[in-house]
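Values below: every heavy atom of this structure, side chains too, minus hydrogens, waters and symmetry copies. Below, chain A is the first sequence line, B the second, and so on; all start at residue 1. If you're wondering where the values come from, they're calculated on a predicted model, not measured in any experiment.
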Amino acid sequence: MGRCGRGSITLRCVAMAGIGATACNQIFALVDVNNFYVSCERVFNPALENKPVVVLSNNDGCAVARSNQVKALGIKMGTPWFKFKDLAKEHNIIVLSSNYTLYGDMSDRVMTILRGYSPNVEIYSIDESFLSLNGMSSLWPAAVDMGQSIRYRVRKWTGLPVCVGIGPSKTLAKLANHLAKTRPEMEGVCDLVSMPQAELDAYLSTTEVGEVWGVGRRIGAHLDAAGIKTAKALRDAPPSWLRAKFGVVMERTGNELRGASCLALEEITAPRKQIVSSRSFGQLVHTLAVLSESVTSYMTSAAEKLRRQRSVCEAVQVFIATNPFREQDAQYSNSITVPLPNPSCDTRLLVRAALFGLKKIYRPGLAYKKAGVMLTGIGDAGVIQRSLLVQHGVGEKSEKLMEAMDALNRRFGRNTVAIASAGTNRAWRMRRECMSPCYTTSWNDVPIVHADH
DNA sequence: TCTGGGGTCCTAGGACCC
DNA sequence: TCTGGGGTCCTAGGACCC
């Protein structure tokens with residue numbers, strides 16, 4: 001067990017079986033744009049500055065971003081628009097529809113600036129990034145100064161306000177960011193690494209446990225019932241108790257709060273393991289024809305995402321649901337997974353599979369509110385192909401086939417091979433022989449709907 | 001009348017295999 | 001009057017995040 005003192009905090013790096021504590025002496029910064037969507041809108045319309053502003057979700061369904069003035073009125077994230085319409089009128093709240101293209105572009109600008117501060121950046125979401133500050137102490141002897149510099153530069157270059165939290169683990173950096181946002185005296189930057197222990201304890205004991213990253217509504221309520229009401233109480237709870245009661249994830253959160261970094265910086269964005277495309281409808285939908293149109297359009301964009309990350313998928317899932325808020329209506333929701341004969345990223349094939357599934361789960365006489373598709377079994381084309389062959393018992397016997405595939409891989413790139421090999425007689429025949437009947441279900445009779453007009 | 005969309009990980013239980 | 005043990009894979013459900 002080693003001891004690593006940093007500033008006046010004393011941290012113990014605990015050896016944790018199965019928890020995977022990374023090295024000591026990590027320092028993370030979390031940079032987060034305040035009220036991101038609202039701030040983006042303000043950059044392009046300065047008249048919104050210092051006014052109450054809300055950005056609404058798709059179909060203008062509910063609030064997804066709120067200015068501080070709106071938060072002060074008690075309007076919560078996700079509040080349906082119709083529920084605060086009157087309040088909005090009363091307080092002259094400016095209500096905007098969302099513009100995700102704009103927000104994505106602004107996000108890129110911020111992330112580019114952050115890369116100028118650290119070579120190790122993890123883009124965690126559209127409006128926040130973790131930076132590794134390891135080895136930065138000679139450049140920035142006081143991390144707070146770096147935080148202020150980030151705030152100044154991002155504001156100056158993009159017009160967006162950010163807050164910076166600094167801590168010895170990601171969870172503490174998140175907590176620091178929360179403090180930087182909510183305690184005006186911190187002026188937007190909070191460094192827990194150099195904070196004296198007594199002050200840190202004081203902050204943690206006035207922070208509700210639900211504010212801790214990884215503690216949601218459900219577990220928050222359970223912790224509360226068990227007497228763990230603050231971040232400090234969670235930090236000081238016995239790890240074995242946390243594990244027994246809440247599982248490994250919460251045990252890790254406890255360790256992170258004690259300053260033992262268990263979550264590493266993930267700089268490389270891993271390819272998605274599932275890709276979803278779904279929407280709620282503006283109006284209720286009754287017919288298979290309209291549902292088919294939507295599903296076709298969702299699948300088109302999902303397949304685009306799949307190809308953009310150079311993957312293929314093994315199955316598509318399609319789901320539909322009625323409106324659960326309309327209790328007077330008959331309720332129905334269902335989903336079906338349609339396996340593909342071969343891993344693919346071909347839009348037409350995926351659309352056909354989805355429509356085949358949709359037809360199976362569609363029930364007439366209902367009012368549908370939502371539909372969507374999910375691509376599953378996503379992986380690198382070459383790897384999936386190989387694992388399928390092995391799984392079906394032809395692995396060892398088809399060395400030559402493997403060699404041929406590898407050669408094709410080298411020549412055309414991985415995606416090409418998955419599709420091309422589906423067409424080769426030998427591969428196809430072998431697969432057909434080994435497949436279970438469900439894989440050979442024919443959905444070729446489902447008409448192709450052209451999504452790209 | 002009107003309630004977002006897109007992800008991740010963990011766990012438990014069943015099927016199946018040797 | 002008694003029913004192995006260990007492993008993998010798959011799925012569903014529950015929790016969390018933004």
Original post:
Is the backbone of A:Val209 close enough, under 3.5 Å, to the side chain of A:Thr230 for a donor and an acceptor to pair up by distance?
Top reply: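 No, the answer is negative, given that no donor and acceptor are paired below the 3.5 Å cut-off.
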Original post:
Between the side chain of A:Ser169 and the main-chain N/O of A:Ser261, is any donor-acceptor distance below 3.5 Å?
Top reply: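 Checking the backbone N and O of A:Ser261 against the side chain of A:Ser169, no donor-acceptor pair under 3.5 Å is found.
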In whole Å, I'd like the distance from the [atom1] atom of [X] to the [atom2] atom of [N].
X        : N      : atom1 : atom2 : result
A:Phe246 : B:dT11 : CZ    : P     : 14 Å
A:His178 : C:dC18 : NE2   : C1'   : 16 Å
A:Phe319 : C:dG13 : CZ    : P     : 14 Å
A:Arg252 : B:dT8  : CZ    : P     : 15 Å

Quick check: do [X] and [Y] have side-chain heavy atoms less than 4.5 Å from each other?
X        : Y        : result
A:Pro52  : A:Ile94  : no
A:Ile228 : A:Phe246 : no
A:Asn177 : A:Ile166 : no

Subject >> A:Arg151 and A:Glu187 ion-paired at < 4.0 Å >> reply: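 No, A:Arg151 and A:Glu187 are not salt-bridged.
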Original post:
Between A:Phe28 and A:Trp213, does the ring centre distance come in under 6.0 Å?
Top reply: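 No; A:Trp213 has its ring centre 6.0 Å or more from that of A:Phe28.
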**OP:** Assert yes or no for the condition that the ring centre distance of A:Tyr152 to A:Trp157 is strictly below 6.0 Å.
**Re:**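 So the answer is no for these two rings.
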Original post:
So, A:Asp329 and A:Asn323: side-chain donor and acceptor under 3.5 Å apart, yes or no?
Top reply: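 A:Asp329 vs A:Asn323: no donor-acceptor pair found between side chains.
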Original post:
Can you give the dot-bracket line for DNA chain C, using ( ) for pairs inside the strand, [ ] for pairs that cross earlier ones, | for pairs with another strand and . for unpaired bases, where Watson-Crick and G-U count if both distances are under 3.5 Å?
Top reply: ....||||||||||||||
Protein and nucleotides 1-7 of chain B: nitrogen or oxygen contacts under 3.5 angstrom:
unit_1	atom_1	unit_2	atom_2	d
B:dC2	OP1	A:Arg326	NH1	3.4
B:dT3	OP1	A:Lys369	NZ	2.1
B:dG4	O4'	A:Ser57	OG	2.9
B:dG5	OP1	A:Ser280	N	2.8
B:dG5	OP2	A:Ser280	N	3.1
B:dG5	OP2	A:Ser280	OG	2.9
B:dG5	O3'	A:Arg279	NH1	3.3
B:dG6	OP1	A:Arg279	NH1	3.0
B:dG6	OP2	A:Ser278	N	2.6
B:dG6	OP2	A:Ser278	O	3.0
B:dG6	OP2	A:Ser278	OG	2.8
B:dG7	OP2	A:Val276	N	2.6

**OP:** Under the side chain to side chain donor-acceptor pair (under 3.5 Å) rule, what do A:Tyr103 and A:Glu41 come out as? Steps first, then yes or no, please.
**Re:** CA-CA 9 Å; A:Tyr103 310 148; A:Glu41 297 289 346; 2.6 Å; yes
Original post:
Can you tell me how far the CG atom of A:Leu131 sits from the CD1 atom of A:Ile27, to the nearest 0.5 Å?
Top reply: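 The distance works out to 12.5 Å.
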Every protein N/O lying under 3.5 Å from an N/O of nucleotides 15-17 of chain B:
none

**OP:** Determine the Euclidean distance between corresponding P atoms of B:dT3 and C:dC18; express it in Å to zero decimal places.
**Re:**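 C:dC18 and B:dT3 have their P atoms separated by 25 Å.
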